[in-house]
Q: 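Please find one structure pasted underneath; my questions will follow.
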Amino acid sequence: MQISVIGCGYLGAVHAASMAKVGHDVVAVDVDPERIAALSRGEAPFFEPELPETLAAATATGRIRFTTDMSEVAGARVHFIAVGTPQGADGAADLRYVDAAFTELTRYVRPGDLVVGKSTVPVGTAARLAAELTAAVPGAVLVWNPEFLREGFAVQDTIAPDRLVYGVPGGDAGAPDEEAGAHAVAVLDEVYAGAIAAGTPRLVVGHATAELVKVSANAFLATKISFINAMAEIAEVTGADVTALADAIGLDARIGRKFLNAGLGFGGGCLPKDIRAFRARSVELGLPHTLDFLDDVDAINLRRRDRAVEAATELLGGSVVGKRIAVLGLAFKPNSDDVRDSPALDIAIRLHDAGAEVLAFDPEANETSRRVRPTLTYVGSAREALAAADVVLVLTEWQEFRDLDPFEVASVVTDRVVLDGRNCLDPVAWRDAGFTYRGMGR
Ligand code: UDX
């Protein structure tokens, strides 16, 4: 099938490469010429496992091309919108890129084509765009097909998702336009034929439900993380161990152990901005209190960073000034070079600004960090960061940090003190090597 993908960021680049990999002909468009040049050379513009191989395989088949010229989408039957929806000044989602991409795209859409939104948008956006599309190109159909990919697993999550959600006209009970909805379902089933054949559940709903599935899933995940981090606060004052607590409550199948890791909380390009945008949207919808709890979810999450800075300061005897701090990890999570709203980078910067000598290392995120925070000192290995350190902070749970041998670390640091911001180390092993070990809520 002829497909276009508008936007080549984390979402669009992965979607475009994955769609080509499963056999479609893809044209991918972005306004950034450097990004397009890199992708055309087969280079991934950011770190994402499996993306370089997927891109190379797709490029070798000749089934994918990258361009800055929107007119090249003409001829595609399905047009995916995968541009960013950053946080605006008031917390609400900023839709300027979605609107600009949509307006430009509609010039090349033909009757019968699908325009498929993948970006995370406030509920109500799809209905507005659907009306605009029908006015501009009668017979074209607007679908909302949210994306649930996790960075670090993006290619797998795209090719073999745990569910497909189609928000189509007529999908919600009582809505008109069943014919357009049926057409959209048939075409999308062709796009995702491989995943459907493999048994992926596919849910057909209306526009509003599809938009809400995405934001409510992220709100739920954020709430789960903040719940366990609130328990970490309680564990800290009672001497309980939040990790053991999570293991115990997680064995209740109704609760589940996933997303119950206490530590520095959530960051990244999705959860923080999505809960704020959802909250702002509920207020616009005339429901000022319905999502009040998301303010708490946000506040608990941000308090973890304060707590980590406080704990590091305590471990250094009350002042960080002139102290040498090894920061291991800057990305918002392992297997990513993404530092958007990263708790790790935030904590490193706060300690640096407070007068500490911070030596930071991340296996993939040194460069992305340097771009936004050039004043921090970045080193090329964990060993360099650890040399002569007064305290060690593990802020992103990369496997290489989990695998550190505490005895080896002990031989290079000045003081044997470790703050395990992600509760990813074995406290017994580190204590056996002579370390003062401090976790988050344990
Ligand atoms: C998230 C959603 O998982 C994904 O479905 C959606 O499409 C985009 O947003 P992502 O941002 O890639 O994906 O990261 P995710 O794996 O969800 O982690 C988010 C943050 O939560 C990270 O900072 C991570 O460190 C933190 N986290 C996760 C915890 O603090 N504890 C946990 O138990 C799990």
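Each ligand, and each atom within it, is numbered from 1 in the order the structure gives.
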Q: Any idea which part of K224 is under 4.0 Å from ligand 1, heavy-atom wise: side chain, backbone, both or neither?
A: neither

Q: Checking the N or O distance criterion of under 3.5 Å, is ligand 1 in contact with P343?
A: no

Q: Applying a heavy-atom cut-off of 4.0 Å, say which part of L260 lies close to ligand 1: side chain, backbone, both or neither.
A: backbone

Q: Any non-hydrogen side-chain atom of V73 less than 4.5 Å from a side-chain atom of V5?
A: no

Q: Judged by non-hydrogen atoms, does K258 sit under 4.0 Å from ligand 1?
A: no

Q: Any atoms of ligand 1 less than 4.0 Å from a non-hydrogen atom of L149? List them with their elements.
A: 4 (C), 6 (C), 7 (O), 8 (C)

Q: What protein heavy atom sits nearest atom 31 (N) of ligand 1, and how far away is it?
A: N261 O, 3.0 Å

Q: Looking only at protein heavy atoms, which one is nearest to atom 2 (C) of ligand 1, and what is the separation?
A: N218 OD1, 3.7 Å

Q: Under 6.0 Å between the ring centres of F46 and Y10?
A: yes

Q: Does R383 have more than 12 heavy atoms from other residues, nucleotides or ligands lying within 6.0 Å of its CZ?
A: no

Q: What atoms of ligand 1 come within less than 4.0 Å of a heavy atom belonging to E147?
A: 7 (O)

Q: If we only count N/O pairs under 3.5 Å, is E397 in contact with ligand 1?
A: no

Q: Any N or O of L271 that comes nearer than 3.5 Å to an N or O of ligand 1?
A: no

Q: For F293, I'd like to know if atom CZ has over 12 heavy atoms of other residues, nucleotides or ligands within 6.0 Å.
A: yes

Q: Any nitrogen or oxygen of I225, side chain or backbone, less than 3.5 Å from one on ligand 1?
A: no

Q: So which protein heavy atom does atom 17 (O) of ligand 1 come closest to, and at what separation?
A: F259 CZ, 3.2 Å

Q: Look at atom CD of Q399 and say whether more than 12 heavy atoms of other residues, nucleotides or ligands are closer to it than 6.0 Å.
A: yes

Q: Can you check whether E151 has an N/O within less than 3.5 Å of an N/O in ligand 1?
A: yes

Q: Tell me if the CZ atom of R350 is crowded by more than 12 foreign heavy atoms within 6.0 Å.
A: yes

Q: Quick one: does NZ or CZ of R150 land under 6.0 Å from the six-membered ring centre of F153, within 45 degrees of the ring axis?
A: yes

Q: Around atom 5 (O) of ligand 1, find the nearest protein heavy atom and jot down its residue, atom name and distance.
A: F148 O, 2.9 Å

Q: Stepwise, does the side-chain hydrogen bond (donor to acceptor under 3.5 Å, both in side chains) test hold for K273 with T85?
A: CA-CA 9 Å; K273 80 164 172 68; T85 50; 3.3 Å; yes

Q: Identify, for atom 30 (O) of ligand 1, the protein heavy atom at the shortest distance, and state residue, atom and that distance.
A: R422 NH1, 3.3 Å

Q: If you have a sec, work out which protein heavy atom is nearest atom 20 (C) of ligand 1 and how many Å separate them, to one decimal?
A: F266 CB, 3.5 Å

Q: Sort out for me which residue in Y437, F401, F435 forms a ring-ring contact (aromatic ring centres under 6.0 Å, His included) with W430.
A: F435

Q: Evaluate side-chain hydrogen bond (donor to acceptor under 3.5 Å, both in side chains) for N145 paired with Y192, printing each intermediate quantity in order.
A: CA-CA 11 Å; N145 170 222; Y192 295 121; 2.6 Å; yes

Q: Do L395 and L264 have side-chain heavy atoms sitting under 4.5 Å apart?
A: yes

Q: With atoms numbered from 1 as shown, which atoms in ligand 1 lie under 4.0 angstrom from a non-hydrogen atom of K214?
A: 6 (C), 7 (O)

Q: Just need the protein heavy atom nearest to atom 9 (O) of ligand 1, so name the residue and atom and give the distance.
A: C270 CB, 3.1 Å

Q: Cation-pi check for F148 against R163: NZ or CZ below 6.0 Å from the six-membered ring centre and within 45 degrees of the axis, yes or no?
A: yes

Q: Examine ligand 1 and decide if any of its atoms is less than 4.0 Å from a heavy atom belonging to G265.
A: yes

Q: What about L221: any of its N or O atoms under 3.5 Å from an N or O on ligand 1?
A: no

Q: Quick check for you: to the nearest 0.5 Å, what is the distance between L419 atom CG and L393 atom CG?
A: 5.5 Å

Q: Among protein heavy atoms, which sits nearest to atom 15 (P) of ligand 1, and what does the distance come to when rounded to 0.1 Å?
A: K333 NZ, 3.6 Å

